[in-house]
Structure formats: C-alpha cells, structure tokens
*Asks:* 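Pasting a structure here, questions to come.
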There are 2 protein chains.
Amino acid sequence: MITDTQNTALAQRLTHSGLRSTPQREVVYQVVLGKRDHPTAEEVFDRVKSAMPTISLATVYNCLDALVQCGLIKQVNSVREPSRYCPNLHEHAHFHDEATGEIHDVDIPADLIARLHNLLPKGYDAVSIDLSFRGSVRALHALTDQQN
Amino acid sequence: MITDTQNTALAQRLTHSGLRSTPQREVVYQVVLGKRDHPTAEEVFDRVKSAMPTISLATVYNCLDALVQCGLIKQVNSVREPSRYCPNLHEHAHFHDEATGEIHDVDIPADLIARLHNLLPKGYDAVSIDLSFRGSVRALHALTDQQN
DNA sequence: ACTTGAACTTGGAACGATTCTAAGTCTCTT
DNA sequence: AAGAGACTTAGAATCGTTCCAAGTTCAAGT
C-alpha cells in the first residue's frame, strides 16, 4: 500500500541529495518496497510496467541508482549475475541459495561488525563491508524428521 | 621461478578432478602464482602471451576455470568489474581500495569464521563465505606524522 | 602401433547486463 | 515566459564472458 508518508520521505531524501522527485522514481521505490525479495533491475522493470507501461529500462536503472545514492535501498552484487536491489537498510549479510537462486537476509550483531572492522591493518579505512554466504537451505521439516 | 614440483602438483590436482594437464594450463598457473596481485583474465592473458603468443583468451578463461575447479586458485568477484584470480588459498577476506583499484588480502582468524557460520539460521548450509571490504588505505607515514 | 572418443584449443560470433547517446520533455528560477 | 539543467526515452554501444564449430591432442583399448 502506497502511503503519502513514504512518498514525502522519498522526495525529501532525493532533494537532500540534489536529485528530483519524479513519478518514475516514486513508482520504482514503491515496487522495491512492495515485495520483500531482491529483484533485479529487469524484474523491477517488469513490475513497474503494469503501473507505468511507458517507462523504459534505462529509466529503471537511473531510478535505482538514484535510490541507492540517497540511501533508500541497497544494491546487492552477486557473482556474475545481475545486481539485485534490497529495501532492508539494516546492516545485514546475504545468503545465496544455490538451488533456488534466492537471496535471504541474515542479521549481523553490531559487535560482530565491529570485530570485522578490527581485522583491518592500520591505515585501512573501510566504508562498507560485504558479507555473503553461498550454499543451500534444507527444509525445516526434513531437519526435524530426519533419523540420524 | 618454475619448479617441477609445482607442475607435478598441478598435474596431480587436475587429473584428480578428471581434467587434463596441458601446456596452456601450466603456463596460466605459473603466471597467476608468479605475481602476488589479483589479475583479471585479460591481465593473465597479456602476461601469458609473452611465454605463449598463440594462446587465445577463451583458453585463458578455460584454464582459470580449471584451476578454480581443482582448488589451486580462487576467483574474486568484484562489484560490476571483471573477475580477478588469487593464488592465496588461506581463508581470507579482500579489501578493495577504491582509490587505486587494488585488492589486498586480509587474514581471518579461524574462530571468527566459525562465528560467521553461527550467524546462519537452522537448516542453512554454507559452502563458502565471502567477506570483502571497500574503502581506502592511508599511507603509514601519514599516520605516524599526523598531529591529532 | 592404430583407432576411437573425449577433452582441449582456437578465433570469432554471440550473449547479457549495463551504460551511453541524442532528442525531446519537464520544472525550477528569474 | 525564457533559459538552464535535470530527467526520460529508445536504441545503439560497450565489455566481460560464454558459446560454437573446426581442428588438435591425448589416453585407453585392441
């Protein structure tokens, strides 16, 4: 559900970063917020087209960049795969399920983030940390049912 | 310096993975081992050509894949940049220097790796962890000289 | 040694995600 | 209402990587 509050917040963040609020950016923002997955630019494009059929892919890229720039969404870069976009602004890791291709968010406690920063030698100044896992997810019932 | 020991090790690892040892794979392996940086496939291609001018880029990709498959080198995937290859087989993180584009290895203590695995919810089975930092490196003399 | 099939190499074509370009539109400011 | 600059659009261009078809090499069995 689209709220005025969200769109006002969007407009403020955009103008604060020297960018303009446009209908396209609003729709793209709502689409990324609307579903708790990690869509690619192409997937965002498909979802946006139902609300705004004339939008172009280049504009979707432009809007996603603008939202990343002003800190409203995050860009998740996978291995040799299209970038994905994520509305979860908490510091978190990503788990790439190799079987399904899905990405799941994994919380990171604050003290662990601090410890990661402490790994760095003197003089190294990290502006961002990327932690990602790659593997598979077993269904929970299989876990409880299994014999061993 | 190319040693027979290294090439024998290479041949063994390759055949163990059902792959063949070829002159191209030996040269590519030596090139990646020969310099402690993180070259792209294109850079490996350039370096290999002096020893083997007729090699093709497709073969370099093939060789790098083969070496990654049998565990002799690692592939480092950066954000929207060409893959890089790394002969450091210890579990380690990468620091991407945004100013120079260079990648530096950062050690990770074993207990921290265990703790990272423990972040995952029940049923999540990670086969690999990727930890990378992004930022800048200050020169050490600037650190010791500075006033504050 | 000879054959056969699979693995490998090669150059070039193809691919796919992203970025660029040029033209047109919108919107702030004056 | 005019000018400047930001934005959108469609399509072309880019670039790392993979695919393809043809030729070569290798290992194993006769």
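Here is the naming used below: chain letters follow the sequence lines, and residue numbers restart at 1 for every chain.
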*Asks:* Can you tell me which residue pairs pass the ring-ring contact (aromatic ring centres under 6.0 Å, His included) test with a partner in residues 98-127 of chain A, sequence neighbours excluded?
*Replies:* A:His104-B:Tyr124, A:Tyr124-B:Phe95, A:Tyr124-B:His104
*Asks:* Of all residues at least two apart in sequence or in a different chain, which pass the side-chain contact (heavy atoms from CB on, under 4.5 Å) check with A:Thr100?
*Replies:* A:Asp97, A:Glu102
*Asks:* Who passes side chain to side chain donor-acceptor pair (under 3.5 Å) against B:Asp130, sequence neighbours left out?
*Replies:* none
*Asks:* With B:Pro39, which residues qualify under side-chain contact (heavy atoms from CB on, under 4.5 Å), at least two apart?
*Replies:* B:Asp37, B:Glu43, B:Val44, B:Arg47
*Asks:* Hydrophobic cluster mates of A:Ile103, side-chain heavy atoms under 4.5 angstrom, ILVMFWY only, any path?
*Replies:* A:Val76
*Asks:* Just grab all the ring-ring contact (aromatic ring centres under 6.0 Å, His included) pairs involving residues 36-84 of chain A, residues at least two apart or on different chains.
*Replies:* A:His38-A:His94
*Asks:* Walking along DNA chain C from 5' to 3', note the first and the last nucleotide with an atom under 4.0 Å from a heavy atom of chain A, and give both.
*Replies:* C:dA17 to C:dT27
*Asks:* Return a single string for nucleotides 5-21 of chain D, one symbol per nucleotide in 5' to 3' order, where B is base contact, S is sugar-phosphate-only contact and - is none, cutoff 4.0 angstrom on heavy atoms.
*Replies:* BBSBBB-----SBBB--
*Asks:* Tell me, please, which residues at least two apart from B:Asn118 pass side chain to side chain donor-acceptor pair (under 3.5 Å).
*Replies:* none
